[in-house]
Each structure stands twice: as C-alpha cells, then as structure tokens.
Enquirer: 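Submitted below is the structure of interest, expressed as structure tokens.
Remember, predicted model here, so these are calculated numbers, not experimental data. Values reported hereafter were calculated over all heavy atoms of this structure, with side chains retained and with hydrogens, waters and symmetry mates removed. Letters A, B, ... mirror the listed sequences (proteins, then strands); counts begin at 1.
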2 protein chains.
Amino acid sequence: MQTNTLSRETLLPLLAAHVLQHGLGGASLRPLAKAAGTSDRMLIYHFGNKQTLVSDLLQYIADIYSAALELAIGETRAQTREECVTRILEQARQPTMQAFLVLWWEIVAGCARDLPGYKDAADKMMAKQLMWLEKLMPEDDPDPAGGTRYLMTIIEGALMLNVVGHSRTAQEGLMAGDLASGPSPS
Amino acid sequence: MQTNTLSRETLLPLLAAHVLQHGLGGASLRPLAKAAGTSDRMLIYHFGNKQTLVSDLLQYIADIYSAALELAIGETRAQTREECVTRILEQARQPTMQAFLVLWWEIVAGCARDLPGYKDAADKMMAKQLMWLEKLMPEDDPDPAGGTRYLMTIIEGALMLNVVGHSRTAQEGLMAGDLASGPSPS
DNA sequence: ATAGTTATGTAGCGAGTGCTACATGCACTG
DNA sequence: CAGTGCATGTAGCACTCGCTACATAACTAT
C-alpha cells in the first residue's frame, strides 16, 4: 500500500517548511514546488489552483502550530498572572517559535485584507493559544476566563510592539500594568 | 514658480492614495504609475528604483498618518484610563482610519520580515501614537508615562484581535482588565 | 490483453514584473 | 545660435507569474 506518489498530505509539510522560512505572500509556485521536490505542474494538479493550495497550507500550518503549542505546554500552572505573561513571552522568543511569529504577522495582514483562508487559520491559531493560556493560568485566579482574555490582549500587544522595534514600550507597559495581582475587588 | 513637472513631492500623495486602497505588498510599478498619472518609466526616474520608492512612500504615509492623528486629537483629556482605551478604539473604527489600519498590519508584517524601510515607518507611527495617547491620558493619572505604554500595549493587542476576528476576545479581555481604576497602590 | 484512470514530464502561453535604451522636446546658458 | 542637461514618451528586454496542452508511463479493473 505504501506508494511513492505525492499527495496533499506528503506535500504539505515540505511546503509549510518553505513558507515558514520564506514567507507566504511572496511564495510562488515554482519555488514552492522546488522546495517540495516537484514541479509547479504537480502542485496545481494536486491542489487545483494556487488559492486552495494557500488555504490548505494555512490550515496545515495552523495545525502544526497547535501541535507545537501542545508540545510546549508546561506541566505546571503559573503562580501569578504576571508569570503567565512572562512565560509566554519567553516562549515566543524561542527559535522554534520565531518562524511562526514572523508568519503570524503575515497572516494578520492577510486577515486585514480579507484574503481567503487567512481568517480561518488565524482563528484556529488564536483559539489554540487561548486554550493554552487558560491552562497556564494560576489555579486560584478569581476570573480565569476573563483573565485569560485580558492577558491574551496584553500579550498580543506586547508581541506586536516587539516586532516593530518598540519592545521597550511593551516592557515598560507591562511593568506599569499591575499584573502581579489579580483584578482588584470592586 | 508653479510648474507642471512631476516630482517625488507631487507623486507621493497619489501613490499613497493608491497604496492605502490597494495594499503595499502587491503594488507594482505600472498600476502605481497609472494611479499617479504617469508611467513606470517616470517612477523609476524620480525614485531610482522600486525599493527607495517604497521606503519614501512609507515615510510619507507615516507623515500623513501623523497628520491625521493631529487632526483627530481631542481637545479634552479623558477622565479615566478606560475612557482612553474606548475613545481610541472608537476612533480606530472610523472609516478614515480603516485604510491606515489595514495598511498598518502589512507594515507590521514587513517589520517582522525586516524589509527595508518598514521599521522606520512603523517607529514613526508608533511614536506619534504614543504621543497622542499621552496627551489623552487623565490629568490625575498616577503614572502617566507607564500608563500610556500599558494602555498602548492593550490597545494594540485589542486591534490585532479585532482584525483576526476575535474582537469578542478583546472585548471580554478589556472588561476583565480592571481599567476603570489606575494601578492599585502596592 | 485491453481499456481506463491516475500520476508525472516537457513545453509553452499570455500576462505582468522591474528596469533600460534610445530618442525627443524643452528650458536655460554660453 | 550652439550646447547642455532635465523631463518625458515609446519600445522593449529578460524574467517570473499562474496555469494549461499534450504526451506518456504506471497501475487497475474487466
């Protein structure tokens, strides 16, 4: 039953590797095909056209991103919200995650322009990240669901500031953000 | 002194208008030239090559973004940090700002890929936004500088979540974020 | 064995890419 | 008036783009 024939399934990992390294927007069929050891002819044959190739690829990348998060999930919950943020930001600095992060902003830009397939992938990745963060939240947090979303907002903001060279702004913002405690009782 | 001759200065507004509408990444010389009423030949003549055209264009766009913020600046400070956030997010929903926002994520993606000229433009735009926000901060805020950066982080995170279709996540995050008060005394 | 489906190679099409060669008008200067 | 440099038009180059036509091998079903 084991054949050497190419298929979407065997192609996608190789395509994903190329895209993670060289970007998604500028990716054209021939370089993609070369990276996968085929021809543009075969990519069109297996995916129909470039757009569905990109959509399928985005879905696949979202999946392996989820898997990467699954692997990186800590066995222990954080003690404080602040630790949540620092642990996640630290994990985002890992070289493994770097390629994902660079690609992520391209996906966000694609979402902003409503490119087909982008929003679905972004949604999947965000959902996974939310789940991941929720599992990391301190056990005794007074508002785990809301707190997760609050921290997620802060983390994404910090990641963005990092990428545009304002990591200092993010850092100072986090320090001023009073994350050590949970929300104050109202 | 008034001549009809084209120049970078007369070209840039027209180019910027085109880019704000159609995006930056996929912009190629001939459509750009058409939008500016010239030929690709002339664009290269005035800018030397496409890369410096894009860099100059990014600078120009950062400038008009600054001008737009200048115009939109409120005469009154906000009363609370929460009002800061809601006023800015509301302003980001304005149609005028929409085109900037879409382009912004393309600029962020360009920063992540280290494309030449992108980081400079992003830096200029971020600096202006920080200044704008600082002017909006409540008069009696206990930590205006840190608070500005904290809110900026949150705002950018919320904008990103909006763009990928997780505006609900951002909204719930903001509600859980305890922004009504300043930082609690430690 | 024959017919049909599936997978692949070769070649190329028409459109678009950034950029250049070349010619020409035009204003200005000697 | 000759010369010089700037601004612009026309044409095209070498290349890449997504995609297709066509041939053909390999396997499968009858």
Enquirer: What nucleotide among C:dG18, C:dA7, C:dT10 has an atom nearest to a side-chain atom of A:Arg41?
Expert: C:dT10
Enquirer: When the nearest nucleotide of DNA chain D is assigned to B:Ser39 and to A:Pro31 on a heavy-atom basis, which residue is associated with the more 5' position?
Expert: B:Ser39
Enquirer: Round to a whole Å and report the spacing from CD1 of B:Ile44 to C1' of C:dA21.
Expert: 15 Å
Enquirer: Would you indicate which nucleotide in D:dG9, C:dG16, C:dG9 comes nearest to any side-chain atom of B:Ser28?
Expert: C:dG16
Enquirer: With a 4.5 Å cut-off on side-chain heavy atoms, are B:Trp105 and A:Glu106 touching?
Expert: no
Enquirer: Side chain of A:Tyr45: nearest nucleotide among C:dT6, C:dG9, D:dG18?
Expert: C:dT6
Enquirer: Could you state the NZ-P distance from A:Lys50 to C:dG16, rounded to the nearest angstrom?
Expert: 16 Å
Enquirer: Between B:Leu29 (CG) and C:dC19 (C1'), how many Å, whole number?
Expert: 8 Å
Enquirer: Whether the B:Gln129 and B:Glu156 side chains hold a donor-acceptor pair (N or O, under 3.5 Å, no angle test) is what I'd like checked.
Expert: yes
Enquirer: Does B:Asp63 pair with B:Lys124 as a salt bridge, N-O distance under 4.0 Å?
Expert: yes
Enquirer: Grab the CE-P distance between B:Met42 and D:dA7 for me, whole Å please.
Expert: 9 Å
Enquirer: So for atom CD, which belongs to B:Gln59, do other residues, nucleotides or ligands contribute more than 12 heavy atoms lying within a distance under 6.0 Å?
Expert: yes
Enquirer: Any idea how B:Tyr150 and A:Tyr150 line up, ring-wise: parallel (<30°), tilted (30 to 60°), or perpendicular (>60°)?
Expert: perpendicular
Enquirer: Grab the CZ-P distance between A:Arg8 and C:dT6 for me, whole Å please.
Expert: 13 Å
Enquirer: Nearest to the side chain of B:His46, heavy atoms from C-beta on, is which of D:dT8, C:dT6, C:dC19?
Expert: D:dT8
Enquirer: Atom CG of B:Leu43 and atom P of C:dT20: how far apart are they, to the nearest Å?
Expert: 14 Å
Enquirer: Let's test your reading of the model: under 3.5 Å, does the base of D:dG18 pair with the side chain of A:Arg30 as donor and acceptor?
Expert: yes
Enquirer: Any donor-acceptor pair under 3.5 Å between the side chain of B:Asp40 and the base of C:dC19?
Expert: yes
Enquirer: If I take atom CD in residue A:Gln51 and atom P in nucleotide D:dC17, what distance separates them, rounded to the nearest angstrom?
Expert: 18 Å
